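To keep things clear, I will list the structure first and then write my remarks on it.
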Amino acid sequence: MDAVPPVSYFPHPMSVPVRVRFAPSPTGYLHVGGARTALFNWLYARRTGGTFVLRIEDTDNARNSQEAVDVILSGLRWLGLDWDEGPLTGDANGPVKGEFGPYFQSQRGEIYRRRADELKAKGHAYEKDGALFFRMSRTPITILDLIRGDVVRPLTDREEIDPDRVLIRSDGVPVFHFVNVVDDLEMGITHVIRGEDHLSNTAKHVALFRAFGVEPPKYAHIPLILNLDGSKMSKRDQGASVQSYVDDGYLPEAVINYLSLLGWSAKDTPELFTKEEIAPRFELADINHANARFDLKKLEHFHFEYTRRLEPKRFVHLGVEALLKAGIHTAGFPPSYVAAALLTSQEKGKLFKELPIWTDFYFVDDDAVVFDPESKAKALTPTSLPLLQKLSERFAALPEFNAASLEAALKALATELGVKVGALVQPCRVACTGRLVGPSLYHLLEVLGREKVAKRIAHALR
RNA sequence: GACCCUAUCGUCCAGUGGUUAGGACACCGCCCUUUCACGGCAGUAACCCGGGUUCGAAUCCCGGUAGGGUCGCCA
């Protein structure tokens, strides 16, 4: 290999404000790796007071649709990653904000043609077989990467044979590498923060920028997110799609927190933080070099931590939504009852998708409690039913029907009868909820109230 | 096949020449307890291998190996 003349990059003057972009192609879903790329771009923009641009790379007409763009926009919005420039809707001709549009590549044909002509005029491109080819550099190109340092990329053996690449296909449609560079150039992008899968290709991009006679932006190639077993994360893999977090009822702030720590960390940073809180501490140089593996268990841990800290009002709101999705209507119940009922499960920190199995019993008729067969076999037995009967009588005689008095009454009865507390608790729980597991018994009884508890026990005794 | 990136507990991160290699998740045990959890206490578990450099390497260099990526008229 010949000596490598590195490309000399001149650092952008401090006075030039940072402009970063997230440029997804509408494939029908927002990949978790893409979400993290967007997050890192967002963090860097906020940290530097720069601009976060959203650009839609929809040059591939075949799989391009407004719905597919909407998936990306709604995913980013759900995560709270607001962009300063870009489309407001999935409509390529719809409203935008920002002065560097259009932000859909499908609408930028004129710009690409002009830039293609420029390269032709400068002798960097030529036509062949009806397509426009770029006269690629034959010597190794040095990529300056803020995370990895200098990366020297020589030609591969196949590229040695013919390093020139197509810029515009014979059907007139420009290819990704060309439009990507043109857009970054035209949109004044100063830092390209993207997945490591683009690192090798960056040599092409650098050569293109040089052909245009400008310095390339600074690059930061972030490591990829792999499955737990180290394989590539594809669409169907668990956790690959941001929409799956929405569907399963994760808290977006938990997802953000988890993703932030996947490949990045800073000194003396607490475990839990909002993106606004760590943005000031975000440095590209602190990003890891190695790929990370996606661990759903850890994400669940973050969800748990955030859920139990959640403001009750929001927890109830999200809970009602989750129940509705499961076909459980709470509208017919007093709001205070609904709130109290759901709140008995907040400390569980479960995914909202799982909330129905913890709270559905609150919203069924008292004579329609469904008994889980296993639970019934265990707790509603010939020996336990008489105990349950006695407990019911004791509850009925209580002047105050609240968690404290219920607990005292139950424990007193257990002592009188000479049985373990559990011998009363289990039958009562199954009678009132249908299951052996659930929220704190005394609290759920209080929420149900004297009348419903009496009816449910009677139903179970029948 | 060529080229590029990477390599600390099972996983995510600390650790940038001298540490009993630290934390978190997960896992295991005990305590608490009305269930499931939470919480408290304790525990198992890692520097990929081989050469160098050095008084001394997880840390620096080289080579292997392994994993990932790229080499499209896909993005």
Side-chain angles (χ1 to χ4, degrees), chain A residues 1 23-27 57-60 62-64 105 128-133 140 143 145 147-149 151-161 163 165-180 195-204 221 223-224 226 228-232 258 261-269 271 286 288-302 304-305 308 345 347-350 357-358 375 378-379 406-407 410-411 414 420-426 428-430 433 435-445:
Chain A
M1 192 60 65
S25 69
T27 55
E57 308 229 325
D58 57 343
T59 52
D60 184 5
R63 58 180 181 187
N64 183 24
Q105 291 183 331
K128 186 181 140 197
D129 301 330
L132 186 69
F133 281 74
I143 301 156
D145 190 285
I147 296 173
R148 291 152 209 286
V151 176
V152 179
R153 217 333 283 268
L155 297 178
T156 65
D157 55 355
R158 288 173 206 190
E159 290 167 337
E160 288 283 3
I161 297 166
R165 295 298 119 182
V166 168
L167 256 25
I168 297 185
R169 291 183 279 234
S170 46
D171 64 2
V173 179
V175 303
F176 164 77
H177 297 297
F178 179 57
V179 298
N180 189 268
E196 194 208 327
D197 50 336
H198 284 104
L199 182 53
S200 288
N201 283 148
T202 303
K204 257 177 279 189
H221 287 94
L224 271 22
L226 309 176
L228 208 48
D229 65 3
S231 63
K232 186 176 176 175
Y258 173 70
L261 259 10
L262 206 54
W264 175 84
S265 68
K267 267 215 175 307
D268 305 321
T269 305
E271 188 198 21
D286 292 334
N288 268 175
H289 298 190
N291 292 342
R293 298 182 188 213
F294 185 83
D295 187 353
L296 203 65
K297 280 271 173 50
K298 184 107 181 211
L299 207 208
E300 283 171 3
H301 165 71
F302 278 100
F304 165 75
E305 295 291 352
R308 49 202 305 246
S345 279
E347 61 171 10
K348 302 292 180 188
K350 296 288 179 185
I357 65 174
W358 290 88
S375 300
K378 247 182 189 167
L406 287 161
E407 179 171 3
L410 186 145
K411 285 183 172 168
K420 284 184 181 175
V421 173
L424 294 177
V425 165
Q426 303 297 19
C428 183
R429 173 183 292 284
V430 175
T433 73
R435 293 194 190 88
L436 230 26
V437 300
S440 160
L441 178 67
Y442 309 115
H443 291 92
L444 75 85
L445 291 178

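Bear in mind the structure is a predicted one, so any value in this text is a computation, not a measurement. Quick note on labels: first sequence line is chain A, next is B, and so on, each numbered from 1.
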Residues that A:Arg435 engages under side-chain hydrogen bond (donor to acceptor under 3.5 Å, both in side chains), provided they are two or more places apart
A:Asp360

Locate the shortest heavy-atom distance separating A:Pro439 from A:Lys348; write the atom from each residue and the value.
CA-CE, 4.1 Å

Going by side-chain contact (heavy atoms from CB on, under 4.5 Å), name the residues that satisfy it together with A:Arg169, two or more places apart in sequence or in a different chain.
A:Val166, A:Asp171, A:Val173, A:Val175

Paired nucleotide for B:G29 [Watson-Crick or G-U wobble; both distances under 3.5 Å]
B:C41

Taking the same atom, C1', in B:G64 and in B:U6, what whole-Å distance lies between them?
15 Å

Separation of the P atoms in B:U65 and B:G50, to the nearest angstrom:
15 Å

Minimum heavy-atom distance A:Val425-A:Leu441, with the two atoms named:
CG1-CD2, 3.7 Å

Should B:C55 form a Watson-Crick or G-U wobble pair with both distances under 3.5 Å, which nucleotide is its partner?
B:G18

State which of B:A26, B:U70, B:C5 makes the closest approach to the side chain of A:Val151.
B:C5

Sequence neighbours left out, what passes side-chain hydrogen bond (donor to acceptor under 3.5 Å, both in side chains) with A:Glu57? Give chain and number order.
A:Arg55, A:Gln105, A:Asn180

Rounded to whole Å, CD of A:Glu160 lies from P of B:A2 at a distance of 13 Å

Test side-chain hydrogen bond (donor to acceptor under 3.5 Å, both in side chains) applied to A:Ser375 - qualifying residues, sequence neighbours left out
A:Asp372

Rounding to the closest angstrom, what is the interatomic distance between B:U19 and B:U8 at atom C1'?
14 Å

Contact summary for A:Pro223 and A:His289, nearest pair of heavy atoms:
CB-O, 4.0 Å

Hits for ring pair (Phe, Tyr, Trp, His ring centres under 6.0 Å) against A:His198, two or more places apart or cross-chain, chain-then-number order -> A:Phe176

With side chain to side chain contact (heavy atoms under 4.5 Å, CB included) as the criterion, how do A:Gln426 and A:Lys378 come out once you've worked through the C-alpha distance, each side chain's angles and the decisive distance to 0.1 Å?
CA-CA 8 Å; A:Gln426 303 297 19; A:Lys378 247 182 189 167; over 6 Å; no

Nearest-nucleotide check on RNA chain B, A:Leu226 vs A:Pro174; residue mapping nearer the 5' end is A:Leu226

Pair assignment for B:C71, Watson-Crick or G-U wobble, requiring both distances under 3.5 Å
B:G1

What is the distance, to the nearest angstrom, from the CG atom on A:Leu224 to the C1' atom on B:C4?
13 Å

Measure CD/A:Glu196 against P/B:C4 and give the value in whole Å, please.
13 Å

Could you give the distance separating B:C61 and B:C74 at their P atoms, to the nearest angstrom?
41 Å

Who pairs with A:Asn291 by side-chain hydrogen bond (donor to acceptor under 3.5 Å, both in side chains), at least two apart in sequence or on another chain?
none

Below 4.0 Å: OP1/OP2 of B:G69 and any side-chain N or O of A:Ser200:
no

If I take atom CZ in residue A:Phe178 and atom P in nucleotide B:C74, what distance separates them, rounded to the nearest angstrom?
15 Å

Taking the P atom of each, how far is B:C30 from B:C38, in whole Å?
16 Å

A:Tyr258 meets the ring pair (Phe, Tyr, Trp, His ring centres under 6.0 Å) criterion, sequence neighbours left out, with A:Phe294

So which protein nitrogen or oxygen atoms get under 3.5 Å of nucleotides 71-73 of chain B's nitrogens or oxygens?
unit_1 : atom_1 : unit_2   : atom_2 : d
B:C71  : O2'    : A:Thr156 : OG1    : 3.3
B:C71  : O2'    : A:Glu159 : OE2    : 3.4
B:G72  : OP2    : A:Arg165 : NH1    : 2.1
B:G72  : OP2    : A:Arg165 : NH2    : 3.3
B:G72  : O5'    : A:Arg165 : NH1    : 2.9
B:C73  : O2     : A:Ser170 : N      : 3.0
B:C73  : O2     : A:Ser170 : OG     : 2.9
B:C73  : N3     : A:Ser170 : OG     : 3.2

Output, in order, the C-alpha distance, side-chain angles, deciding distance and verdict of side chain to side chain contact (heavy atoms under 4.5 Å, CB included) for A:Leu445 and A:Cys428.
CA-CA 9 Å; A:Leu445 291 178; A:Cys428 183; 4.0 Å; yes

Is B:C31 syn or anti, taking syn as a glycosidic angle within 90° of 0?
anti

With C1' as the reference atom in both, quote the distance from B:C60 to B:A37 in angstrom, rounded to an integer.
49 Å

Taking for each residue the nucleotide of RNA chain B bearing the nearest heavy atom, is the 5' side occupied by A:Leu199 or by A:Glu305?
A:Leu199

In whole angstrom, what separates A:Ile147's CD1 from B:C5's C1'?
12 Å

With rounding to whole Å, what would you report as the distance between B:C31 and B:G18 at their P atoms?
43 Å

Establish, with yes or no, whether the OP1 or OP2 oxygen of B:C5 is under 4.0 angstrom from a side-chain nitrogen or oxygen of A:His289.
no

List the atom of A:Tyr442, the atom of A:Lys411, and the distance in Å for their closest heavy-atom pair.
OH-CE, 4.2 Å

Counting distance only, does the side-chain N/O of A:Arg308 pair as donor-acceptor with the main-chain N or O of A:Gly349 below 3.5 Å?
no

Opposite nucleotide pairing with B:A24, Watson-Crick or G-U, both atom distances under 3.5 Å:
B:U11

Once rounded to the nearest 0.5 Å, what's the spacing between atom CG of A:Leu261 and atom CG of A:Leu299?
11.5 Å

Quick one: list whatever passes ring pair (Phe, Tyr, Trp, His ring centres under 6.0 Å) with A:Phe133, sequence neighbours left out.
A:Tyr126

How far does the C1' atom of B:G23 sit from the matching atom of B:A14, given to the nearest Å?
7 Å

Rounded to whole angstrom units, what separation is found between the CG atom of A:Leu299 and the P atom of B:A24?
19 Å

Measure NE2/A:His198 against C1'/B:C74 and give the value in whole Å, please.
11 Å

In B/S/- notation (B base, S sugar-phosphate only, - none; protein heavy atoms under 4.0 Å), nucleotides 33-38 of chain B written 5' to 3' is -BBB-S

When you compare the protein's N or O atoms with those of nucleotides 28-31 of chain B, which come within less than 3.5 Å of each other, and at what distance?
none

Sugar-phosphate atoms are those with a prime plus P, OP1 and OP2; base atoms are the rest. Using that split, label each nucleotide of nucleotides 11-16 of chain B B, S or - for protein heavy atoms under 4.0 Å, 5' to 3'.
SBSS--

Let's test this: given Watson-Crick or G-U wobble pairing with both distances under 3.5 Å, identify the partner of B:G50.
B:C62

